[in-house]
Amino acid sequence: QVQLVESGGGSVQAGGSLRLSCAASGVTVSTYSTYCMGWFRQAPGKEREGVARIYRGGTLSYADSVKGRFTIAKDNAKNTLYLQMDALKPEDTAMYYCAARGGGWYCPANPDEYNYWGQGTQVTVSS
């Protein structure tokens, strides 16, 4: 069974930075390298939304709200996904989740199409 564990969340002031990590276990390095991986977030009272995702072939995709500030990266040798978050804003405050989708080249924005989820890590940005 694939397990995803996020870390790196915390509280920062606006303009600060955080780096989130998501370690995958229960999957081989070769299989992990084929996964579409994504970061999602959910603020209180709001729906879960996509932040960034990385396709199996390395293509990156970002939500408009984070373009130019967040960077997603995937280290296949370490079964680990990262999200570097710079120039944080109070509206970035949310629980952040990583998710994985196996099988094929499709890498959707819809969170309902992901197979595996982490437990989440809280990011709080104060003004």
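Positions are given from 1 along the sequence. Fair warning: this is a prediction, and the values are worked out from it, not measured in the lab.
Looking at heavy atoms from C-beta onward, Glu6 lies out of side-chain contact with Leu20 at the 4.5 angstrom threshold. Side-chain contact between Arg69 and Tyr62 is absent, with no heavy atoms from C-beta onward closer than 4.5 Å.
When all heavy atoms of Ala14 and Ser127 are compared, the closest pair comes out as CB-CA, 4.3 Å. Of all non-hydrogen atoms in Arg101 and Pro108, the two that sit nearest each other are CD-CD, 3.5 Å. Nearest heavy-atom pair, Ala52 versus Leu83, reported as atom, atom and distance to 0.1 Å: CB-CD1, 4.3 Å. Contact record, Val51 with Phe70: CG1-CD2, 3.6 Å, taken as the closest heavy-atom pair. Taking each heavy atom of Thr93 and Gln122 in turn, the nearest pair found is CG2-NE2, 4.1 Å. The heavy-atom pair separating Ala87 from Ser17 by the smallest distance is N-OG, 4.4 Å.
Remark: the backbone N or O of Thr80 is not paired with any side-chain donor or acceptor of Asp75 at under 3.5 angstrom.
In terms of the ring-ring contact (aromatic ring centres under 6.0 Å, His included) criterion, residue partners of Phe40 (sequence neighbours excluded) are, by chain and number, Tyr114, Trp117.
Tyr96 contributes atom OH, which lies 10.5 Å from atom OG1 of Thr121 (distance to the nearest 0.5 angstrom).
A cation-pi contact, defined as under 6.0 Å to the ring centre and within 45° of the axis, is absent between Lys74 and Tyr35. Cation-pi geometry between Arg19 and Tyr82 is met: the NZ or CZ atom falls under 6.0 Å from the ring centre, inside 45° of the normal. Because its NZ or CZ atom is not both nearer than 6.0 Å to the ring centre of Tyr97 and within 45° of the ring axis, Arg41 does not count as a cation-pi partner of that residue.
In this structure, a donor-acceptor pair under 3.5 Å is present between the side chains of Thr28 and Thr31.
For Gln3, the CD atom sits in a loose shell: 12 or fewer heavy atoms of surrounding residues, nucleotides or ligands are nearer than 6.0 Å.
By the 4.0 Å N-to-carboxylate-O rule, Lys89 lies too far from Asp92 to be salt-bridged with it.
Residue pairs satisfying the disulfide (SG to SG under 2.5 Å) criterion with at least one member in residues 62-127, sequence neighbours excluded, are listed as follows: Cys22-Cys98, Cys36-Cys107.
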